[in-house]
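First comes the structure, then the notes that go with it.
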Amino acid sequence: MIKIAQLSCGTEYSSVQYEIEKAARSVGAKVVYPDVSAADVELAVERFGFRPRSAQLKLMIARAVQLADGNYDADAVFITTCFRCAEAALVRNEVRRFIQENTNLPVVTYSFTERLKASQLLTRMEALVTIVTRKELLARERQSGLTVGLDSGSSTTKAVVMLNNKIIGKSWTPSHNVVESATQVLNEALAQAGYEYKDIEAIGTTGYGRFTLGQHFSDKCKLVQEELTVNSKGAVWLADRQRGEATIIDIGGMDNKAITVRDGIPDNFTMGGVCAGASGRFLEMTSKRLKIDVTELGALADKGNWRNAKMNSYCSVFGIQDLVTTLGDGKSFEDVAAAACHSVAEQVYEQQLQEIDVRHPIIQVGGTSLISGLVTQVGEVLGEKPIVPENSQFIGAVGGALLSSGFL
Amino acid sequence: MRETRLLMICPTSRLTPDVLAREIHATGKDVKIKETCYGCLIEGEREVVREVTAFAREIDHNAVFSKRRAYKAGDPVRCRAQHGTRPGFAQLESEWEALPLIKAGLDAADNGEKTEEKPGKKKLPAIRFKEICEVK
Amino acid sequence: MKVFIDPPNSLILFDLVERFGNEPLSTMAALQERVDNLEIDMPPMNVTLDDVVKGLKYAGIEVPSGVRGRLSIWGPMIEAADAAIVVEDAPFEFGCVGCERSELMVKYLIKRSGKPALKLKYPEDEDEGKVFVQKVKEFLEGLQ
């Protein structure tokens, strides 16, 4: 049984403790609390050097020190505190860093509200267990042999063929039937690579259709894995940032992910998907109203100035209406395109990135990373231009191909 | 209605959790008893538990303290053996260490002893501190 | 007399209030009602989602959930109390009292209620222990 040490504040008074324990059980793990005596607390806080006012946060620090000193046996660490608590957010991040610097234990952090998202919690717990049970596999930095990664996402399906650490074939298509879409992109990528299905040594699947594909390609499939760990590996491989810290931002067509990693291993992520104003969908809708293809929007935006086209709303309905009105006032298409990109970047920042601690460098991936104007605006909002690696839309598939080669 | 209570023995008392538990057993009252590091847990119908608490407080006068507990005795959710200590454990531990001071207070109250409160220390006025700093 | 104690999970305050013949209003009793509620499928640890939402009576949505969850327990207890006893600088503030912001709000709610409240300094030696107990005793006798 994998033991996940919980370092937390507020869970029992936010009605989320039961959910945390349930999520841990469902992935074959158990939540434990490193033993601390009252006398340990003051000493630990003194040594740690950050003295929070809240005693529960002091206890969190003392528990972290017990883990760092090897006085308590656990396999992984889950650090979680109330969303919107500044004191806890500071401690949460510093305790995370302390654990990573002083132990080899995988860490995942989370800031919750009473409306805890059970699926996000489960993904975190699953990722923690994966990191514990597949540590050697995740340490892999080079792909070897002939392997394939299949990323069955909710809007697109991607395939990548890799041979000895090089991408030799790739393809994508809008998702329809899980197996049919994957078969199509797999065949296209294989044709581009000049190989046949029988030559493949291993397949790794990820994304929401991963289990279906794992069964369908069971003769070749060696890895069926959630996207948190797979995308992280894919992104740091593509950006050649396998060591150190980074933030991976994926603004999707419908939802967004932001993952923080250390040495390619994820330790926090946030995922949203309830607001079209904070997604690629907003850009698609803007393009339609501007009667241009979404692929042209980025270059157009880069020529404009978002400050010239004021929006009174970020909403995909009212915000776009504002943009159209601005056009009527004689503002340029370029300014409007820039304002649309800026609006999405700002919304992603305000709605999501505040839940995690943004670390540098920032690697932007996913289909929307090809819209240069959006990348520019994300950079402006975050104060640092993101790195967009080549093939950035294929991170999941690359991660799948890279990790599945570990089974050869 | 169920009532679960912690009984904690003052650290300066010679009473042990074992003796405390046995004395309560001997009353024949219908309560569950579970020994702990600091005393014991008792559980039963509210009225019976309160009678037993009053009795336990007199086994060693002013040295047995009590409070209610939300969870049942041995509830796996709260059990230390299952997953390590819950946050409230450190609280109890700290309060346990302070019990001798409270016992001294209760003994004094029994004897009708009056103790004057000492004035608290005040921060040094800045002007005085300045004078001290300026002393050659 | 019903007496709210702060820290609301304190063994010492609970014991003294009861020992001197009054009813301590404690977090533990409030939580037991929730834990023992068989109508709930999942026993809460320690409060339910409804509780956290009810906490909006005391603090707005921009306040962290853990603060609102705590206030949803303590707010009604302060309202139901006849008086309160507060230890101002307790070195023991773990568990339910682990959140400093919630604690600040509790002290404020007591003040705003206008109910008689005894503020105590945490004892550091035997003499202070004697003053502590003496004050609690006199305060509670004065309530009768």
Side-chain angles (χ1 to χ4, degrees), chain A residues 6-25 31 33 35-42 44-45 51-63 80-92 110-118 350 354-355, chain C residues 6-11 27-28 30-31 34-35 37 40-56 58-75 87-107 122:
Chain A
Q6 180 182 324
L7 310 180
S8 63
C9 183
T11 56
E12 297 192 346
Y13 293 90
S14 300
S15 83
V16 303
Q17 183 60 35
Y18 184 85
E19 290 295 333
I20 291 172
E21 299 193 3
K22 193 168 93 177
R25 276 198 301 275
V31 169
Y33 313 92
D35 266 326
V36 176
S37 73
D40 295 333
V41 177
E42 275 307 303
V45 169
R51 180 169 288 278
R53 297 296 301 262
S54 294
Q56 189 63 24
L57 294 173
K58 290 185 189 169
L59 196 59
M60 205 165 132
I61 291 170
R63 288 188 162 154
T80 189
T81 59
C82 294
F83 178 50
R84 296 196 188 98
C85 176
E87 187 186 27
L90 293 171
V91 175
R92 185 180 67 232
Y110 187 36
S111 69
F112 56 82
T113 71
E114 68 272 31
R115 309 277 179 193
L116 172 135
K117 294 162 190 137
E350 287 182 9
Q354 293 184 17
E355 292 175 29
Chain C
D6 183 32
N9 63 346
S10 167
L11 163 78
T27 309
M28 295 75 76
L31 293 188
R34 289 159 173 83
V35 173
N37 187 349
I40 302 175
D41 295 339
M42 306 185 301
M45 287 164 62
N46 288 317
V47 300
T48 64
L49 177 59
D50 273 359
D51 288 321
V52 187
V53 174
K54 279 181 196 151
L56 286 168
Y58 305 98
I61 194 73
E62 72 274 23
V63 173
S65 51
V67 176
R68 284 182 281 124
R70 286 172 165 100
L71 293 177
S72 73
I73 299 177
W74 297 331
V87 176
E88 298 234 283
D89 53 352
F92 41 78
E93 286 193 328
F94 297 107
C96 66
V97 283
C99 170
E100 164 88 359
R101 311 302 143 92
S102 308
E103 267 296 290
L104 290 172
M105 192 63 189
V106 160
K107 288 179 173 66
Y122 180 77

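- Residues meeting the salt bridge (Lys or Arg N to Asp or Glu O under 4.0 Å) test with C:Asp51, sequence neighbours left out: C:Arg34.
- Judged by distance alone, the side chains of A:Ser54 and A:Gln56 never bring a donor and an acceptor atom under 3.5 Å apart.
- Contact of A:Thr81 with chain C is not made at all, since no heavy-atom distance falls under 4.5 Å.
- Counting heavy-atom pairs under 4.5 Å between each of A:Glu21, A:Glu42, A:Glu87 and chain C puts A:Glu87 at the top.
- Using a 3.5 Å distance cut-off with no hydrogens or angles, the side chains of A:Thr11 and A:Gln17 do pair a donor with an acceptor.
- Listed by chain and number, the residues in a salt bridge (Lys or Arg N to Asp or Glu O under 4.0 Å) with C:Arg68 are A:Glu114 (sequence neighbours excluded).
- When the candidates C:Ile61, C:Val67, C:Asp50 are compared by the number of heavy-atom contacts under 4.5 Å with chain A, C:Ile61 comes out ahead.
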